[in-house]
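Input: a single structure, listed below in structure tokens.
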Amino acid sequence: MSRWAQLLRWHRTQKEDEINVAKNFTIWREWVIDPSGDFYYGWLQFMTLPISYNWVIIICRSCFYDIEENFLAVWLTLDYISDLVYVADTVVRFRTGFLEQGILVCDLARLKKRYLRSSRFPWDVASLLPTDLLYLHLGVHSPLVRINRLLRTPRLSEALERTETRTSYPNVFRIAKLMLYIFLLIHWNGCIYFALSNYLGFGIDAWVYPNVSDPDFGSTRRQYFYCFWFSSLILTTIGDTPEPALVEEYLFMVADMLIAVLVFASVVGNVGNVITNLQSRDDVFFPNHELVKSYLRSRRISKDLRKRVDSWYQHLHINKKITRENEILQLLPDTLRTEIAVSVHLPILSKVTIFQNCETSLLEELVVKLTPQVYSPGEYVCRKGDVGHEMYIIKDGKLAVVADDGVTQFAVLGEGTFFGEISILNIKGNKSGNRRTANIRSIGHSDLFSLSKEDLMHTLSEFPAAKQLLEEKGRQILTKMGMLEENLGEGENEVKVEVRMQQLEENLEAQQTKLARLIAELESTARKMEARVDQLELQTEGWEGIVAEGGEEEEAVERGGGVGRRGEREGGDGEGEVEGERGEGDGADGVESKKEREVKHGLKQVTEVDESDREESKIGQEEDVDEDGAEREEQ
Ligand SMILES: Nc1ncnc2c1ncn2[C@@H]1O[C@@H]2COP(=O)(O)O[C@H]2[C@H]1O
């Protein structure tokens, strides 16, 4: 039974292994390199080795036969290792992704197509051509056939560029890069000098390399270092080289001197650049001291004040304090700037008592608005009676709340505390309004963060709890100083009564307007009623006439023998209503007497007037109800 179990387990592990292998294979097949990732960067760094090797060794082996012959096995091994790295680099090239609309393209077919079509591809292929096959024809001691390997140099430039952007010391790196180029140039020049000497004949004159049969100049090491020294004398324009005697020697010297001019110019330019960069970095980090100094001199500022300025500068430089952080970071996007500010300042801000329990979002909002400031010993940060424009948070140092004599200290404020909030918070009952309530003096050097009134109010408007805390602390200080209005409650009551009075006056005005409208309406209704009564009287008279004539007409119709007209006339209920129903008839049947029409018309008008009156009064009532309702709400 246990054997079966073992067999089963073995089978299961076998299967798992197979699955893992398949998985790894799939991962490899889909493996794409992010050009901004660490792997790619590491690979570029690695590529500098074979490229540098080829740059240094190929020429060296070609010119110094001893070096070539004595270490051939080493060179051949290194050659083919470097070739393998080149092949691997080509694979990396095929699998390096690129960004399309900000997204990394991982489609291998597209990556392949892109590389094949790129301008780099032919050069990479050329750098990998198996030119070593020429050894068969020229012999194995002809390393110059591998010169095509130098065509991978753009990879070296890419690696150096990447390092320059990544390193924290770009200026040091730039100088190192320049030195590397100069070394390479001197090396190549030294090698060519040795080859030329060999061609012309060692020791034929003072200019060429001395005779190699001389034991002092025969060793390989001596040969190389002599040539390197000679080359560096020419290329660094130090001179003091033996006079050339042959045309070839002159040509070599002329070419070298032209190159030397370029080298010298590029050295001076690059070093100058680095110094300027360092200077401009200092200018951005610290305000320009020289400029301020000359300004102070030209304005004949007192020695004492100038000394204070100097000591402030010294303090900044010695303690590496940066006062222009916001300016330095202003080119960064908001999110990055906030993150940097948070990581730099948040630990200090969260030490501040009032901000300790605040939400992180409030702190993050505040942190980007902080401006670092440095105060020297004895300097006043604010003076009593000044208008307050900002509050301060103490990052480092001690400050004293002092009396007007500048000596008597009421309180000492230390790291993590804040001040200057009272005059910017508009605390109710603050007798000093927006004026500073005290003098604040820096005891030693102090690092503060200032936060402008606008920024603080804007942030606090979204965080009322923090505002209350700040106000509470301010009120406590004001109460201690006796600068808070005590009859604040009475004052509030006065305000309330005034508001109530105003409301009452407004209500009264509204009522008067309404009354005037009602009176006007009443008058117009009375007039209409009078007119209606007159009309009714007139119509009643007409009515009587019709009734009298109607009897005669009916008699006449009956006498005519036609189909009679049945007329129904009903007397109204005092307001007068007439309804007529017509039957079928001919000729004179439908004829209405003039008087009858007049009466009908009159009655209709009366009815219309009556209805419109009713409508009006109804609307009037509704309006009244509305206004009453609104008024009640107001009250
Ligand atoms: N007795 C005190 N103790 C601590 N801080 C004070 C004292 N008096 C005044 N301050 C602070 O000093 C600041 C001076 O400016 P403000 O009036 O704006 O706000 C004041 C308070 O923040």
Side-chain angles (χ1 to χ4, degrees), residues 171 271-330 341 344-345 348 369-420 423-424 434-453 455:
N171 286 320
V271 173
N273 237 350
V274 168
I275 292 167
T276 319
N277 281 348
L278 290 173
Q279 188 63 48
S280 62
R281 189 199 65 182
D282 269 11
D283 283 352
V284 174
F285 271 53
F286 311 106
N288 191 338
H289 191 185
E290 287 307 314
L291 209 70
V292 176
K293 259 186 178 176
S294 53
Y295 172 82
L296 295 180
R297 262 198 311 272
S298 70
R299 294 282 165 192
R300 295 181 200 287
I301 301 295
S302 70
K303 242 188 178 178
D304 183 44
L305 193 52
R306 285 207 316 241
K307 254 188 181 176
R308 276 172 57 198
V309 174
D310 285 349
S311 95
W312 182 78
Y313 268 106
Q314 271 184 19
H315 174 70
L316 284 194
H317 275 273
I318 293 166
N319 298 293
K320 307 249 173 297
K321 289 188 172 157
I322 304 164
T323 54
R324 303 164 72 176
E325 281 177 28
N326 295 355
E327 275 174 58
I328 295 164
L329 302 176
Q330 71 186 358
V344 175
H345 303 315
I348 296 139
K369 291 166 182 165
L370 298 176
T371 315
Q373 289 188 0
V374 179
Y375 285 86
S376 307
E379 210 174 334
Y380 278 90
V381 179
C382 63
R383 285 179 192 270
K384 192 174 174 180
D386 289 351
V387 175
H389 294 294
E390 63 271 285
M391 69 170 281
Y392 300 89
I393 293 163
I394 305 174
K395 183 184 168 197
D396 191 22
K398 278 195 158 55
L399 295 107
V401 183
V402 290
D404 290 341
D405 59 8
V407 182
T408 321
Q409 292 187 356
F410 299 126
V412 174
L413 311 171
E415 188 189 323
T417 51
F418 63 94
F419 62 89
S423 55
I424 61 172
N434 62 350
R435 306 267 166 183
R436 296 284 185 203
T437 54
N439 303 302
I440 304 283
R441 199 172 182 190
S442 175
I443 297 175
H445 284 287
S446 25
D447 285 352
L448 309 179
F449 284 126
S450 77
L451 187 60
S452 77
K453 183 177 178 173
D455 286 341

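We number each residue from 1, following the sequence as shown.
- Note that the NE2 atom of His289 and the CD atom of Gln314 stand 7.5 Å from one another [nearest 0.5 Å].
- For Asn434, the side-chain contact (heavy atoms from CB on, under 4.5 Å) partners at least two apart in sequence or on another chain are Val387.
- Within the 4.5 Å cutoff, no side-chain heavy atoms of Ile301 are placed close to those of Tyr295.
- Nearest heavy-atom pair across Ser423 and Gly388 is OG-CA, 3.4 Å.
- For residues 385-412, the pairs satisfying salt bridge (Lys or Arg N to Asp or Glu O under 4.0 Å) are Glu390-Arg436, with sequence neighbours left out.
- Between Phe419 atom CZ and Ile393 atom CD1 the span is 10.0 Å, to the nearest 0.5 Å.
- Residue pairs that meet the salt bridge (Lys or Arg N to Asp or Glu O under 4.0 Å) test with at least one member in residues 289-314, sequence neighbours left out, do not exist here.
- For Thr437, the side-chain contact (heavy atoms from CB on, under 4.5 Å) partners two or more places apart in sequence, or in a different chain, are Ile422, Ser432, Leu478, Met481, Met483.
- Every residue two or more places apart in sequence or in another chain that forms a salt bridge (charged side-chain N to carboxylate O under 4.0 Å, His left out) with Asp447 is listed here: Lys321.
- Between Ser450 and Met391 there is no side-chain heavy-atom pair separated by less than 4.5 Å.
- Atoms CG and CG, on Leu448 and Leu413 in that order, are 10.0 Å from each other to the nearest 0.5 Å.
- Between Leu399 and Tyr392 there is no side-chain heavy-atom pair separated by less than 4.5 Å.
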**Report entry** Phe418 vs Leu451, side chain to side chain contact (heavy atoms under 4.5 Å, CB included): CA-CA, chis, key distance, verdict
**Finding:** CA-CA 10 Å; Phe418 63 94; Leu451 187 60; over 6 Å; no

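- Residues Trp312 and Val374 come closest through the heavy atom pair NE1-O, 2.8 Å.
- Checked by atom type and distance alone, the side chain of Ser376 never pairs as donor or acceptor with a backbone atom of Glu379 at under 3.5 Å.
- Considering CD1 of Ile275 and CG of Asn171, their distance stands at 10.0 Å, rounded to 0.5 Å.
- Taking Thr276 as the reference, nothing meets the side-chain contact (heavy atoms from CB on, under 4.5 Å) condition, with sequence neighbours excluded.
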